[in-house]
Amino acid sequence: EHERALLEKMIAGMRKVPGLKIYGITNPARFQERCGTLAVRIANHTPLELAAKLGERGFFTWDGNYYALNLTEHLDVEKSGGFLRIGLVHYNTHDEVDRLLAALREIVGI
């Protein structure tokens, strides 16, 4: 229940970030079908750049294809760095979600 609440908050906040695309299930009615790991991209920012900038702010995220090479090639994101991966688990807090969303907004300039 805690992870689902974090996921709902994260996705709702991400939808307000211009140019941010979430890959995978985003319909809250279907969240029981997904985990709290998000694969995202933001227009005009590479996943590596985003991971580095978030790292500077104390967030541990990853960039790349996570061994899903066929998927990243099929979605035509492999050549430009794959995805930014953000994982939410039971020990994360609502405050951390708020801070990560604020960091994403700052990075994209809103």
Check: Can you name the closest pair of heavy atoms from Ile25 and Phe31 and give their distance?
Finding: O-CE2, 4.0 Å
Margin query: Please verify the inter-ring angle class for His2 with His94; under 30° counts as parallel, over 60° as perpendicular, anything in between as tilted.
Written below: perpendicular
Note to self: To the closest 0.5 Å, what do you measure between CG (Leu38) and CD1 (Ile86)?
What the structure shows: 6.0 Å
Item checked: Distance-minimising heavy-atom pair for Glu96 and Tyr91 -> OE1-O, 4.0 Å
Item checked: Main-chain N/O of Arg85 paired with Tyr66 side-chain donor or acceptor, under 3.5 Å -> yes
Next item on the list: Search all heavy atoms of Ile11 against all heavy atoms of Arg34 and return the closest pair with its distance.
Entry: CD1-NH1, 4.3 Å
Next item on the list: Give a yes or no on whether Asn27 atom CG has more than 12 heavy-atom contacts from other residues, nucleotides or ligands under 6.0 Å away.
Entry: yes
Notebook entry, point to check: Do Leu48 and Phe59 share a hydrophobic cluster, counting only Ile, Leu, Val, Met, Phe, Trp and Tyr and linking them when any side-chain heavy atoms are less than 4.5 Å apart?
Noted result: no
Notebook entry, point to check: How many angstroms lie between atom CD of Glu78 and atom CG of Leu75, to the nearest 0.5 angstrom?
Noted result: 10.5 Å
Item checked: In one Ile/Leu/Val/Met/Phe/Trp/Tyr side-chain cluster, 4.5 Å: Val77, Leu20 -> no
Notebook entry, point to check: Rounded to the nearest 0.5 Å, what separation is found between the CG atom of Leu50 and the CG atom of Asp63?
Noted result: 9.0 Å
Checklist line | Atom pair NE2 (His74) and CG (Leu69), whose distance is rounded to the nearest 0.5 Å | finding: 13.0 Å
Check: Which pair of non-hydrogen atoms, one from Lys16 and one from Ile110, has the smallest distance, and what is that distance?
Finding: O-CD1, 3.9 Å
Check: Is a donor on one side and an acceptor on the other found under 3.5 Å between the side chain of Glu3 and the backbone of Val89?
Finding: no
Note to self: I need the single residue from Val40, Asn92, Val97, Ile22 that forms a side chain to side chain contact (heavy atoms under 4.5 Å, CB included) with Met10. Which is it?
What the structure shows: Val97
Note to self: Looking at every non-hydrogen atom in both residues, tell me the closest pair between Lys53 and Ile107 and how far apart they are.
What the structure shows: CB-CD1, 3.6 Å
Notebook entry, point to check: For the atom pair OG1 (Thr37) and CH2 (Trp62), what is the distance rounded to the nearest 0.5 Å?
Noted result: 8.5 Å
Check: Can you name the nearest heavy-atom pair linking Gly82 to Arg41, along with the distance?
Finding: O-NH1, 2.5 Å
Notebook entry, point to check: Side chain of Arg15, backbone of Thr26: donor and acceptor closer than 3.5 Å?
Noted result: yes
Check: So how far is it from Leu104 CG to Ile42 CD1, rounded to the nearest 0.5 Å?
Finding: 5.0 Å
